[in-house]
Amino acid sequence: MATSFRVLTDFGLRMAGTRSRRALRQLAAEALTAVTPDEVEQTARLLIGKAFPAAEQAALRLSAAAVWRTLEPIFGQPKDVLQRQTTGAVDFASGVRTIFLNLPKQRGICAEETEALTVGEVYATLVQIAALGGGGSRGEKELLLRELLCRADPDEAAFLVRNVVGEMRHGVNEGLLLEGIALAIDADFALVQRAFMLVGDVGTLAVLALSEGTAVLERLEIGLFTPLRPMLAQAVDDVPAAWVRQAGALALEYKLDGARVQIHKRGGEVRLYTRHLMEITASLPEVVEAVRTQITAETAILEGEVVAVGADGAVLPFPELMRRFRRVRDVPRLLAEAPVRVYLFDLLLRDGRSLLESTNAERWGELTQVLAAGSVLILTPRCLPVTVEEGAAFFDQAIDAGHEGLVAKRLEGLYTPGVRGGEWLKIKEALTVELVITAAEWGYGRRTGWLSNYHLAARDIVTGALVEVGKTFKGLTDEEFAEVTTALLDLTTDPEAHTVTVPPEIIVEVAFNQIQLSPSYPGGVALRFARIVRFRPEKTLDEIDTLQTLRDIYTMQSGQPWQQAA
DNA sequence: TCCAAGTGGCC
DNA sequence: GTTGTGC
DNA sequence: GCACAACGGCCACTTGGA
């Protein structure tokens with residue numbers, strides 16, 4: 001019996017009205033068991049708003065703009081008229097719900113009497129949409145979406161739109177869905193978590209768990225060409241903090257500013273995957289070739305950080321790497337223009353033997369054994385500090401060499417995202433500058449009603465003008481957002497605009513990790529990972545930092561001269 | 001042929 | 001990617 | 001301690017239209 005899509009929508013609504021994680025986990029479990037076995041995978045994906053596994057290249061390639069174009073014919077109104085219906089809505093999908101509640105669908109476009117949508121139909125249509133490409137495909141995709149929306153009630157429409165934009169915002173995401181799976185089959189969460197790491201995809205895991213049960217999960221093993229979820233690091237302030245957390249039994253490794261890669265090798269066959277399990281083998285042929293020649297093991301799964309390098313061998317800023325990443329056109333040309341290098345730091349499989357039960361120290365030892373000398377694959381600089389001071393010196397060395405900082409790894413730690421966390425700790429350098437708020441954007445979701453995203457400007461000492469160098473929505477408490485909103489509304493003359501401009505009066509200290517060259521900001525530089533750390537009411541406008549200072553920081557950090565980007 | 005808008009995926 | 005919130 | 005939801009800048013690619 002096909003489950004009605006309305007059933008899923010109702011679970012979404014109940015989740016949205018629930019805060020307790022225990023209860024959310026319970027709802028996730030209920031949802032998975034409420035549908036038929038062949039709907040479990042679809043249900044798992046639709047519930048968290050990720051229709052397709054990252055490892056597959058499939059994507060809807062449809063978003064808010066496409067939804068507006070789809071809604072126009074359904075209601076026979078232009079976008080701006082529809083948009084007027086949505087004032088006060090908490091977010092985009094809620095606004096769509098309001099439109100469905102208040103406006104009649106066009107008879108000529110949508111049939112009056114229709115069958116209720118089923119889970120399988122909705123999912124199958126999304127698969128169809130994802131499969132479309134080439135000339136005219138935009139219209140075809142929107143037509144398929146329109147057919148679904150025609151048959152949807154207001155709540156179903158909102159649920160669908162949340163899937164299109166990929167943000168459910170009902171409190172259940174991947175993590176809680178995994179907990180729900182564990183609950184549904186009465187398994188240990190650790191078992192489900194381990195299984196997830198190995199299969200890499202919640203949909204696949206949900207079917208496996210619900211239909212096969214715990215015994216199959218227990219038997220899962222690491223497999224070649226099935227990328228696994230990479231282990232992540234928690235942020236800490238400095239080396240002493242990491243030292244305390246890991247009781248002095250740790251390795252410190254350089255943290256390079258590139259992209260994570262997982263390398264799978266069986267003989268001459270090599271594939272490369274990103275952190276989100278996308279395959280990028282075709283973009284990095286020199287890495288593939290280097291794996292063939294430099295990795296002496298017959299089969300291996302390795303992890304490392306890929307970075308772009310200059311002619312002199314120096315590591316280049318992150319955007320240089322992005323020119324290579326996921327590139328399919330002109331690969332040979334870029335290969336010469338922006339060569340890459342991989343700094344290896346882990347080995348998870350060696351000659352058919354899983355190293356998941358081995359400690360970090362053991363895995364590193366094996367890694368050093370399988371790597372032959374060469375220029376493309378090299379070991380990540382690593383040290384085993386005997387004292388905190390030695391560790392701190394290693395951190396300074398990493399920063400001086402132009403890198404992000406360090407990752408601290410507990411020597412006895414296994415390769416698991418461990419429930420306790422903290423097996424890997426990242427330590428990065430943050431700088432701060434004084435900037436002034438020149439505008440702010442209204443927030444959505446839990447930030448509805450607050451000005452939430454602040455435009456930040458520095459002084460250009462040549463022209464004397466204020467120049468925007470970035471935006472931030474981070475670093476303030478709810479209370480502070482409320483206060484700043486009031487203050488900004490006091491200053492502005494156009495509180496109705498989406499972007500509220502204000503005279504430059506509120507000066508803030510802003511932390512950031514890097515200055516990057518910017519093709520879009522007028523000063524040619526932008527802050528990376530900006531967050532507000534404090535208000536500086538005692539400062540005056542002529543005391544804020546200058547554009548020229550930011551450019552100097554760029555030069556200092558990257559080793560590259562500042563220049564206006566193309 | 002080139003450009004802009006839209007979308008997805010890195011950090 | 002960073003941060004604050006709430007369980 | 002953990003999961004989630006707020007959203008940042010940049011680059012590659014696709015599509016549709018001038």
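Taking the ring centre of Phe318(A) as origin, the terminal cationic atom of Arg528(A) falls inside the region bounded by 6.0 Å and 45° from the ring axis.
Side-chain proximity of Pro319(A) to the nucleotides dC10(D), dC10(B), dC11(B) is greatest for dC10(D). The listed nucleotides are dG9(D), dC11(B), dT15(D); the one nearest the side chain of Arg138(A) is dT15(D). For Thr477(A), counting side-chain heavy atoms from C-beta on, the closest listed nucleotide (dT5(C), dA12(D), dT3(C)) is dT5(C). Taking every side-chain heavy atom of Arg19(A) into account, dC7(C) is the closest of dG1(C), dC13(D), dC7(C). For Ser63(A), the listed nucleotide lying nearest its side chain is dG8(B); candidates were dC10(B), dG1(D), dG8(B). Picking from dG8(B), dG9(D), dA3(D) the nucleotide with the shortest atom distance to the side chain of Phe189(A) gives dA3(D). Here dA5(D) is the nucleotide among dG8(B), dA5(D), dC11(B) with the atom lying nearest to any side-chain atom of Arg446(A). When the nucleotides dC4(D), dG9(D), dT2(C) are ranked by their closest atom to the side chain of Lys428(A), dT2(C) comes out on top. The side chain of Ala65(A) approaches dG6(B) more closely than any other nucleotide in the set dC11(B), dA6(D), dG6(B). Set against dT2(C), dG9(D), dG9(B), the side chain of Ser518(A) has dG9(D) as its closest nucleotide.
Distance CD (Gln514(A)) to C1' (dC10(D)): 12 Å, rounded to an integer number of Å.
For Thr281(A) and Glu279(A), the side-chain atoms include at least one donor-acceptor pair closer than 3.5 Å.
Counting all heavy atoms, side chain and backbone alike, Gly443(A) lies closest to Ser452(A) at CA-CB, 3.7 Å.
Residues Arg21(A) and Gly171(A) both approach DNA chain D. Their nearest nucleotides, taken by heavy-atom distance, put Arg21(A) toward the 5′ side. Residues Asn173(A) and Leu334(A) both approach DNA chain D. Their nearest nucleotides, taken by heavy-atom distance, put Asn173(A) toward the 5′ side.
To the nearest 0.5 Å, the span separating CH2 on Trp442(A) from OG1 on Thr499(A) amounts to 11.5 Å.
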